[in-house]
Amino acid sequence: MRVRASRAPRSLGGEQVEGRQAVRELLLAGTRKVREVWVVDERGAGGADDELGALALELHVPVRPVSRKKLAAEARTDAPQGVLARAAPLPEADLDDLALGRVAANADLRASAPVPFLLALDGVTDPGNLGAVLRSAEGAGVTGVVLPRHRAAHVTPTVAKAAAGAVEYLPIAVVGGLPAALARLRELGVWIVGLDMGGRPLFELDLPAAAPLCVVLGAEGAGLSRLVAQRCDVVAALPLEGRLASLNVAAAGAVACYEVARRRAAAR
């Protein structure tokens with residue numbers, strides 16, 4: 001069965017980007033059209049906003065100086081840091097393309113694309129957690145992300161800000177159902193590792209260093225759903241030596257992604 005990212009009219013999101021780092025990466029990535037950048041116009045304001053305004057003008061993006069009050073009224077995050085940008089929505093990636101390594105943020109990288117290293121999220125609804133895990137995933141070399149269409153956070157301004165620009169570089173597929181998507185990934189030769197309490201210790205697993213791999217993270221508290229866990233080749237857990245019973249999904253995702261990255265680096 002072929003499972004594709006949905007082509008419904010609803011976009012992936014990301015049209016409004018807030019925060020200095022997120023806007024800077026939006027401008028530098030050049031992967032989608034930036035319509036305008038708003039910066040707070042205050043005498044004696046810090047150089048960061050001036051720097052972003054200069055960068056936008058250098059890239060032929062219109063810059064709109066506004067009052068702090070006007071920017072705050074338009075912002076959708078608590079701390080936009082005096083800057084926001086409006087851009088074309090992020091395009092949805094195709095699930096098969098992610099599995100086969102046929103997508104890259106920069107088309108010039110396609111010829112030397114790395115072995116697919118995917119991240120799938122099961123029921124992660126907190127925008128801050130999603131943004132944080134995307135930031136860690138991009139840093140660890142994840143090549144694509146799979147999100148369910150329903151009961152999950154997507155790319156809101158809060159997510160984009162917490163991701164600090166990672167959404168510009170991570171292709172994201174949005175699927176109707178995560179269990180069916182994982183089954184399709186397995187058909188395409190992707191090894192699926194679920195992360196959940198009660199699994200085998202992650203650091204003791206024999207992870208395939210040179211094969212396509214997908215790490216699946218569950219919602220904080222609930223963990224992986226039953227059907228998602230059944231679609232995994234193995235379910236692993238992070239060893240916890242302290243008194244706390246769990247890590248939040250952003251912290252657990254960072255540890256898991258960097259463990260995969262470490263194994264891959266060691267095998268080169």
Side-chain angles (χ1 to χ4, degrees), residues 5-6 8 10-23 25-26 29 31-32 75-81 84-85 87 89-93 95 98 103 105 117-179 181-182 185 193-196 214-225 228 238 246-258 260-261:
S6 172
R10 178 178 171 183
S11 74
L12 185 58
E15 292 93 335
Q16 185 156 310
V17 179
E18 302 174 13
R20 289 191 289 268
Q21 185 63 26
V23 171
E25 293 300 334
L26 168 68
T31 52
R32 54 189 173 128
R76 300 176 197 167
T77 64
D78 292 334
Q81 300 173 322
L84 67 79
L90 290 160
E92 291 186 15
L95 184 70
L98 293 185
V103 293
F117 173 14
L118 308 181
L119 177 70
L121 300 175
D122 180 22
V124 175
T125 58
D126 183 88
N129 276 339
L130 175 58
V133 79
L134 292 179
R135 185 175 187 176
S136 297
E138 200 282 330
V142 165
T143 61
V145 176
V146 182
L147 298 178
R149 176 71 69 189
H150 306 291
R151 294 183 295 279
H154 291 163
V155 185
T156 64
T158 298
V159 170
K161 183 172 181 289
V167 297
E168 310 304 329
Y169 305 105
L170 280 173
I172 300 174
V174 180
V175 297
L178 193 56
L182 296 179
L185 291 178
V193 181
L195 200 66
D196 202 13
C214 178
V215 173
V216 188
L217 303 177
E220 191 174 346
L224 298 178
S225 65
V228 165
L238 297 179
S246 66
L247 298 175
N248 75 12
V249 66
V255 173
C257 287
Y258 273 95
V260 173

| query | Do the non-hydrogen side-chain atoms of Leu26 and Arg32 ever get within less than 4.5 Å of each other? | reply | yes
| How close do Pro91 and Leu12 get, heavy atom to heavy atom, and via which atoms? | O-CD2, 3.5 Å
| said: Taking side-chain contact (heavy atoms from CB on, under 4.5 Å) as the definition, give me every residue that meets it alongside Glu138, ordered by chain and number, with sequence neighbours left out. | reply: Ala166, Tyr169, Leu170
Let me have the donor-acceptor pairs involving side chains of residues 117-135, under 3.5 Å, with sequence neighbours excluded, atom names and distances please.
from, atom 1, to, atom 2, distance (Å)
Asp122, OD2, Ser225, N, 2.8
Asp122, OD2, Ser225, OG, 3.2
Asp126, OD2, Gly128, N, 3.0
Asp126, OD2, Asn129, N, 2.8

| message | Quick check for you: to the nearest 0.5 Å, what is the distance between Arg20 atom CZ and Lys161 atom NZ? | response | 9.0 Å
| remark: When every non-hydrogen atom of Val249 is compared with those of Gly218, the smallest separation belongs to CG2-O, 3.5 Å
| request: Check side-chain contact (heavy atoms from CB on, under 4.5 Å) between Pro157 and all other residues, then give those that pass, not counting sequence neighbours. | output: Gln16, Glu18, Arg76, Thr77
| Considering all heavy atoms, the nearest Ala22-Ala160 contact | CB-O, 3.6 Å
| request: Starting at CG of Leu90, measure out to CD of Glu168 and round the result to the nearest 0.5 Å. | output: 5.5 Å
| message | Suppose we screen for side-chain contact (heavy atoms from CB on, under 4.5 Å). Which residues come up paired with Ala256, at least two apart in sequence or across chains? | response | Leu195, Leu202, Val215
| remark: When every non-hydrogen atom of Leu247 is compared with those of Ala251, the smallest separation belongs to CB-CB, 4.2 Å
| Arg151: salt bridge (Lys or Arg N to Asp or Glu O under 4.0 Å) partners, not counting sequence neighbours | none
| said: Restricting to side-chain contact (heavy atoms from CB on, under 4.5 Å), what partner residues turn up for Ala261, sequence neighbours left out? | reply: Ala140
| request: Please name the pair of heavy atoms, one in Ala93 and one in Leu98, separated by the smallest distance, quoted to 0.1 Å. | output: CB-CD2, 4.0 Å
| field | Partner of His154 under side-chain contact (heavy atoms from CB on, under 4.5 Å), chosen from Val159, Leu147, Ile172 | value | Leu147
| Of the non-hydrogen atoms in Cys214 and Leu182, which two are nearest, and what is the gap between them? | SG-CD2, 4.5 Å
